[in-house]
Amino acid sequence: MEILIKNARIIDGTGKPAYRGDVGIENGKIILDCAGKTAEQTIDAEGLYVSPGFIDCHSHGDGVYGKDYGQLCKINQGITTEMCGQCGSTFYPVNPQTLPKLKELLSVICPDFPEEMVTWKDYKTYKEYLKDVPLVANTGLFTGHSALRTAVLGFENRKATPEELEQMKALLKEAMEEGSFGMTTGLVYAPGAYSDTEELVELAKVMAPYDGIYATHLRNEAEYVVEAVREALEIGRRAGVRVQISHHKAYGKRNWGLSKETLALVEEAIANGQKVTLDQYPYEASMTHFNVLLPVDFFAGGFSQAVATLVDPAVRETLKERLLDEDAGFDNYYQNCGGFGGVFAAVLPKTPEYNGMFVSEIAEKLGKDPFETYFDLVLANNGEGTGIFFSMCEEDMVRIIQDPNTCVGTDGIVKAMTEAGHPRGWATFPHAICYYHKKLGLFTLEEIIHKMTGLPAERFMLDGKGLIEEGKDADLVIFDYEKLADMATYADSNRLTEGIEYVIVNGQIVYKDKQLTGVYPGELILHSFKS
């Protein structure tokens, strides 16, 4: 064997109690019958736990493929497999004519774009590119609905014609045949928000013969979150596909408690035969485009074009009135955050002097109206940059994670080693253990790790992942339970986890002594289906 892990407390990923034993690795696979066998390297895991590698079922790691900081942020928290292409945004399919608009959409997760991106006309060409990209962790890919729409319609705020819908369906079919796990949506963002339910149903039907997954950033996560969940379940039911509800939450104080209704809808759908999964990051604040406060219809035609109109005082006044309207009819982040005191500037590339401040603080410092301050910042940064938005409560978080169909996902955005961000980018998985298990006692250690390993492996049909069983892929985490602590905070988001001793991917040690080892055994995982 290449590696023998001795005297470990083994958590196998099923949720069952841990047991003492040895785990061997041979040809990248797990060996449990180690008696009488020798190994090139032995790790004495006395006093340590070994578990399956964690599966990030909602990752934006495809924005930084091949960059070591983008790999370190995941590996340091024990993640060995990422499910990418989330929230409707993927780097394919590319239409050269609309490529600038696709780059605007992707700028929130990607610091730079390779020249060859113009050639990524479909999943196959993108997959060929990834063969030469060094990966530490494994990665599976979805196909983004917003990327499909951008390739065919650009950012036009209208219903797709029958011919355009057929073009999107053909692109999605190609992706499914090449190994995509399904289609994701970002229905609060342009241009995904411009689609109707019928368009999404027709696209989802394309995935049905491939047992694809409809993974959705809902159309609304605030006052209309119940209706949005109902729409997602309807799409899955009518198309006959699995449903994944992304980073489920109830946004805005007046909407706290609505998770009772959304989870009841999920339970009812499952009772009626649907396959439904949820994912969650264990934090009370979210992170996305800094411009997300602006109504989604404002961005019709593209981000840059829309943001340029902020020079007009009349445009600003109209936007202000819409944001102040408590029944505005869109996912109103201004209302959900209780005003600009809940809107935090994480990374503003053109005005970095304001990074790490709430908009209300920036306005006070400048002696300006908060709305004018916010519009000035969006304009100065050409609509780019990220914000952190405080609007959720512990009660909903606890209720959602306790649902047996909920997995853990980071939804993290990390664009540079030193760039400030959300702690979820570096610490979601250890935080879930420390918060839900160590602090609140909601789960046993084995139960919370099941939500990170065996459960997502089952729901995403990752046959070789998620369990410590004979012959499974040797993706493993060795950790010191007593020392395990998530160190990343909102004030200091990029700190490494304490207590993760080793991370192993496909049988090779990729993380030790709080650093990457310089090997890249990660693989692109293709969705396997039974036709």
Side-chain angles (χ1 to χ4, degrees), residues 10-18 29-30 32 50-59 78-86 137-142 179-184 207-208 210-216 232-233 236 240-248 263 266-267 269-281 400-410 428-429 432-433 436 443-477 505-506 523 525-530:
I10 300 171
I11 297 175
D12 66 6
T14 64
K16 296 177 182 177
K29 302 296 181 182
I30 292 171
L32 293 181
V50 59
S51 79
F54 303 149
I55 298 170
D56 184 358
C57 59
H58 188 99
S59 171
I79 294 168
T80 59
T81 298
E82 303 180 70
M83 302 305 296
C84 296
Q86 301 291 342
N138 304 300
T139 187
L141 276 169
F142 283 86
S180 172
F181 278 78
M183 182 181 73
T184 67
M207 305 187 294
Y210 308 94
D211 201 4
I213 302 167
Y214 174 71
T216 177
L233 297 174
V241 297
R242 301 169 185 249
V243 174
Q244 175 89 17
I245 297 176
S246 300
H247 41 60
H248 192 38
L263 295 177
V266 170
E267 182 179 351
I270 292 173
N272 289 330
Q274 283 192 252
K275 296 178 180 178
V276 186
T277 308
L278 310 97
D279 62 72
Q280 183 208 61
Y281 52 83
I400 290 167
I401 195 64
Q402 287 184 304
D403 189 282
N405 302 289
T406 302
C407 306
V408 177
T410 66
T428 288
F429 283 76
I433 294 173
Y436 289 134
F443 306 97
T444 66
L445 178 61
E446 294 87 346
E447 288 169 342
I448 189 63
I449 285 180
H450 170 64
K451 286 181 169 288
M452 307 172 174
T453 56
L455 181 61
E458 172 199 340
R459 298 302 175 92
F460 287 94
M461 298 163 277
L462 303 172
D463 292 339
K465 310 296 182 186
L467 298 174
I468 295 182
E469 286 185 357
E470 191 79 21
K472 294 284 188 182
D473 297 337
D475 297 340
L476 302 167
V477 181
V505 175
N506 293 320
E523 298 177 350
I525 304 171
L526 302 180
H527 175 47
S528 58
F529 60 91
K530 298 177 181 178

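Hydrogens, waters and symmetry mates are skipped; everything else that's a heavy atom, side chains included, is used.
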Side chain to side chain contact (heavy atoms under 4.5 Å, CB included) for Met183 and Met207? Distances and angles first, verdict last. CA-CA 8 Å; Met183 182 181 73; Met207 305 187 294; 3.6 Å; yes

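- Using modelled atom types and a 3.5 Å distance limit, the side chains of Asp473 and Asn506 yield no donor-acceptor pair.
- A tilted orientation is assigned to the rings of Phe181 and Phe142, their planes being inclined by 30° to 60°.
- Of all heavy-atom pairs spanning Ala232 and Thr216, the tightest one is CB-CG2, 3.8 Å.
- No donor-acceptor distance shorter than 3.5 angstrom exists from the side chain of Thr277 to the backbone of Arg459, with no hydrogens or angles considered.
- Under a 3.5 Å cut-off, the side chain of Thr184 and the backbone N or O of Ala215 do not form any donor-acceptor pair.
- Residues Gly78 and Val477 share a closest heavy-atom pair of O-CG2, 3.3 Å.
- In this structure the side chain of Ile525 reaches within 4.5 angstrom of the side chain of Thr81, judged on heavy atoms.
- Here the side chain of Lys465 pairs no donor or acceptor atom with the backbone of Thr80 at under 3.5 angstrom.
- Here OG1 of Thr453 is found 10.0 Å from CD1 of Ile448. Values are rounded to the nearest 0.5 Å.
- At distances below 3.5 Å, at least one donor-acceptor pair connects side-chain atoms of Lys451 with backbone N or O atoms of Thr406.
- Distance check, rounded to the nearest 0.5 Å: OG1 of Thr428 to CE of Met452 gives 9.0 Å.
- The 12-atom threshold is not exceeded at CD of Glu267, counting heavy atoms of other residues, nucleotides or ligands nearer than 6.0 Å.
- When every heavy atom of Leu141 is checked against every heavy atom of Gly85, the shortest pair comes out as CD2-N, 4.4 Å.
- Side-chain N or O atoms of His247 include none that pairs as donor or acceptor with a backbone N or O of Gln280 at under 3.5 Å.
- In this structure, a donor-acceptor pair under 3.5 Å is absent between the side chains of Glu82 and Asn138.
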Could you please spell out the steps behind the side chain to side chain contact (heavy atoms under 4.5 Å, CB included) verdict for Asp279 and Gln244? CA-CA 8 Å; Asp279 62 72; Gln244 175 89 17; 3.0 Å; yes

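- With no hydrogens or angles considered, a side-chain donor-acceptor pair links Thr410 and Asp56 at under 3.5 Å.
- Between the side chains of Gln86 and His58, at least one donor N or O lies within less than 3.5 Å of an accepting N or O.
- The shortest heavy-atom contact between Pro52 and Gly466 is CG-O, 3.4 Å.
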